[in-house]
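We count ligands from 1, going down the list as the structure has it; atoms in each ligand are counted the same way.
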Amino acid sequence: MSTRTLGLSDELYDYLMRVSVREGDLLACLREETQALPHGRMQISPEQGQFMRLLVGLMGARRGIEIGTFTGYSALCIAQGMGDMGELVCCDTSEEWTQVARRYWREAGVDHRLRLELGPGIDTLNRLLAEGEAGRFDFAFIDADKQNYPAYYERCYELLHPGGIIAIDNTLWGGAVADESNQEPSTRAIRRFNEAVHRDERVEMSLLPIGDGLTLARRKI
Ligand code: CA
């Protein structure tokens, strides 16, 4: 028994994977193909993907936006969780990575529900706001360049209706956030961001120690 969150040994992590994760062949294949790429470590973990799928299903989310799509694993999990009525806007700057994503989305039969926007995420978010989409989204997932997290967060907050949730990835940043000797720009950016969300009274929030740290911030009703 423990009154605090457990650290996971390799054995306990393997056990968790065995009795929790139901990844399926297509997602497993996408994960393996992505891991072989030079930036393969940017991919979310399978238990996190499954959790986000469950989360958007619980919320009954129908309209989502993702900043940082990479090869499409998280988007596929979110799309599956939202079901046939769901639509996800996917922002990324890489044609190369998102070609992998498109291939798997087609194979999963969800490509018609995912709209890929190639270009800087800030531009796409600004355009959505200019088009009158404020307050019309249920869910946002932020997983892109860490220095821009505050800018993505503010825009996603505006795009969500009250009760909508922003999920933000990598908020424990491999543990570096707690190591004061680590003053890398991305580490400092995540520390500042975490402190700002913690203080943000417009949301209810929780930082979950799943994957590399996943913060959920729910726009207050
Ligand atoms: Ca990430």
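- At least one N/O/S atom of D143, whether from backbone or side chain, sits less than 3.0 Å from the Ca ion (ligand 1).
- Within 6.0 Å of NE2 on H161 lie more than 12 heavy atoms contributed by other residues, nucleotides or ligands.
- Within a 6.0 Å radius of CD in E131, other residues, nucleotides and ligands contribute more than 12 heavy atoms.
- Within D169, the N/O/S atom positioned nearest the Ca ion (ligand 1) carries the name OD2.
- The heavy-atom pair separating L30 from T71 by the smallest distance is CD1-O, 3.5 Å.
- Residue contacts to the Ca ion (ligand 1): M42 brings no N, O or S atom closer than 3.0 Å.
- When only modelled atom types and interatomic distance are considered, Y73 and E23 share a side-chain donor-acceptor pair under 3.5 Å.
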